[in-house]
Amino acid sequence: MTNEFLYVIMVGLPARGKSTLTGKLSESLRRDGISTGIFNNGDLRRRLSKENTSYPEFFNPKNKAAAALRERYAIMNLNHAKAFIERGRRRKKVAIIDAANVSAKRRRMLLSALPEDRVLFIECINNDEEIIEANIRYKVDTPEFANITKKAAIAGFKKRISYYEGIYRPLHREQSFIKVDTFNYRILSQKVNGGMPFLDRIRDFLVTPFIKNLYLIRHAETFFNLRDRIGGNSRLTPDGLAQARGLARHFANRKIPLIFTSALQRTIQTSKAIKEAQQDCRILPFPEFNEINGGVCEGMSYMEIRETMPEVAESRKRNKYYYVYPGGEGYVSMEERIERGIKKVLYLSKYSDNIMIVGHRAVNRMILSYFVYKRREDVPYIYIPQDRYYHIRISQNKKVFELKKFG
Ligand code: F6P
């Protein structure tokens, strides 16, 4: 076995997806037999400092004492990473230094202690306001902010970000770097030298969503389903509620911290049952996952549509993917919002091995087809039953889609 090693140094403002990416990257590398360590400045600071260091002024560059303390933690963290790499150098190893590292000065300090040809900087960029806001809300739910109000924690975190913005110098002079759009899984620019170990693997990882377990569920039976009516905002039937309880039992032993739903009651009601069987679980409704809008046909049954608007039924049959309901949507016009919903889910599902989405028939077809290639014209015919769910697992090495029973 060759002795290959690499330091990956993360760069980016808070809430830009660095830690999520770090966690997933390390997991992906480990699966390939590459020993990978994560060295997170913040974790070290929280572990070692006795006083509370989460207040915004701790991050003010003008606060000399705090800046010196943060520098000390950065050096300590770097030394831990070096010790990890140097310990028995007979293996493939990657040390990921996870911290903001936004100032050129900080990066010079890190580089001066490391062999430059073995350092790859990865700068995480995401300027989507809604996502950053959601991410901040998520972060302030952690124990670090337990002793202040949520409002104060959010304001404080934003202040902390503004201090980092003041000293932020994007990567430019460094020898090897990749800038990545963490929301869209895109490499925005790169300056990399050949010969760097694991480079192709890491680049491929950056553009591939890595999903340990995604449970894609359709809401349980509703009163509209009984009568074959489309759209609307119907509630679950007694059988539907029993189905939802079946789902809850099925997932009770798996940790589901977040359930993503549409903004419609049938998905939320289904999820509430699942949530009840969990210790710590939140439901996040996204309008992006609302069912296809049937426009003038909303609330009608397929038979009523055939009888009263035969031209609608005929045109849809001829070209289901591209057909747009008058005053409503078609599969084609859902593309953008569904893709955005999926990206939000992936971005916010940090620290969790299990992601759950409770959606609708057309929505779940679109979600599935995002992950597995399908000809567009075949998408509206994907089987989305209510007594089963899709279990999706995606890594660089394999894509698995299983239709599973519950209850
Ligand atoms: O019938 C349930 C439902 O979710 C409707 O609300 C929606 O219009 C329909 O399924 C989508 O399926 P299809 O595109 O096959 O009509």
Side-chain angles (χ1 to χ4, degrees), residues 215-244 247 259-274 285-339 341-342 356-372 374-390 403 406:
Y215 304 111
L216 180 62
I217 297 169
R218 183 174 167 200
H219 64 81
E221 183 190 79
T222 65
F223 289 101
F224 261 33
N225 290 149
L226 281 185
R227 289 140 130 232
D228 217 15
R229 293 192 182 284
I230 69 164
N233 197 8
S234 177
R235 293 183 68 77
L236 302 190
T237 61
D239 279 354
L241 289 168
Q243 258 172 357
L247 278 165
I259 307 178
F260 299 92
T261 68
S262 72
L264 298 168
Q265 25 178 7
R266 52 197 186 272
T267 59
I268 298 175
Q269 245 190 313
T270 307
S271 307
K272 277 190 178 153
I274 302 170
F286 287 176
E288 284 92 339
F289 291 148
N290 282 359
E291 183 53 314
I292 187 169
N293 179 347
V296 294
C297 298
E298 277 283 297
M300 292 170 78
S301 72
Y302 287 106
M303 197 187 323
E304 281 168 359
I305 299 173
R306 268 200 309 277
E307 281 169 1
T308 61
M309 299 184 202
E311 67 295 346
V312 168
E314 267 313 303
S315 312
R316 195 159 193 260
K317 202 157 91 191
R318 264 201 309 278
N319 199 352
K320 195 170 171 189
Y321 191 87
Y322 289 96
Y323 179 77
V324 176
Y325 282 109
E329 290 178 299
Y331 280 83
V332 66
S333 45
M334 294 165 75
E335 277 177 9
E336 222 173 279
R337 67 172 170 95
I338 297 286
E339 184 173 336
I342 294 170
M356 183 176 279
I357 302 178
V358 179
H360 303 261
R361 180 152 65 180
V363 165
N364 289 9
R365 285 174 176 152
M366 295 296 283
I367 294 175
L368 269 176
S369 66
Y370 176 85
F371 293 112
V372 62
K374 272 268 177 201
R375 290 185 326 149
R376 282 199 165 101
E377 44 274 54
D378 297 335
V379 171
Y381 301 102
I382 300 175
Y383 181 43
I384 310 284
Q386 274 167 315
D387 61 349
R388 288 173 223 193
Y389 65 92
Y390 279 93
L403 190 55
F406 61 86

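Atoms within each ligand, like the ligands themselves, are counted from 1 in listed order.
Contact atoms of ligand 1 toward Y331: 12 (O), 13 (P), 14 (O), 15 (O) (distance under 4.0 Å to a heavy atom of the residue). With ligand atoms numbered from 1 in the order given, ligand 1 contributes 13 (P), 14 (O), 15 (O) to contacts under 4.0 Å with heavy atoms of K320. Atoms of ligand 1 found under 4.0 Å from any heavy atom of G231, numbered from 1 in the order shown, are 5 (C), 6 (O). Atoms of ligand 1 lying under 4.0 Å from at least one heavy atom of I230, given by number and element, are 5 (C), 6 (O), 8 (O). In the vicinity of R218, heavy-atom distances shorter than 4.0 Å reach the ligand 1 atoms 2 (C). Contact atoms of ligand 1 toward R316: 13 (P), 14 (O), 16 (O) (distance under 4.0 Å to a heavy atom of the residue).
Counting heavy atoms only, Y302 comes closest to atom 16 (O) of ligand 1 of the residues Y302, Y325, F224. The heavy atom nearest to atom 8 (O) of ligand 1, considering only N290, I292, D228, is found in I292.
Between the side chains of E307 and Y302, not a single donor N or O lies within less than 3.5 Å of an accepting N or O. Of the N and O atoms on the side chains of Y325 and R316, at least one donor lies less than 3.5 Å from an acceptor on the other residue. A side-chain N or O of R365 and one of Y331 form a donor-acceptor pair less than 3.5 Å apart.
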(request) Evaluate side-chain hydrogen bond (donor to acceptor under 3.5 Å, both in side chains) for T261 paired with S271, printing each intermediate quantity in order. (result) CA-CA 8 Å; T261 68; S271 307; 5.2 Å; no
(message) For Y321 and E335: C-alpha separation, side-chain torsions, deciding distance, then whether side-chain hydrogen bond (donor to acceptor under 3.5 Å, both in side chains) applies.
(response) CA-CA 10 Å; Y321 191 87; E335 277 177 9; 2.6 Å; yes
(request) Show the numbers, then the answer: is there a salt bridge (Lys or Arg N to Asp or Glu O under 4.0 Å) between R229 and E304? (result) CA-CA 9 Å; R229 293 192 182 284; E304 281 168 359; 3.0 Å; yes
(request) Assess whether side-chain contact (heavy atoms from CB on, under 4.5 Å) is satisfied between H219 and N225, documenting all intermediate values. (result) CA-CA 11 Å; H219 64 81; N225 290 149; 3.5 Å; yes
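Under 4.0 Å from ligand 1, not a single heavy atom of H219 appears.
Here the heavy atom of the protein found nearest to atom 12 (O) of ligand 1 is R361 NE, 3.3 Å. Here the protein heavy atom with the shortest distance to atom 3 (C) of ligand 1 is E291 OE2, 3.5 Å.
Distance alone, capped at 3.5 Å, is enough to place a donor-acceptor pair between the S234 side chain and the F224 backbone.
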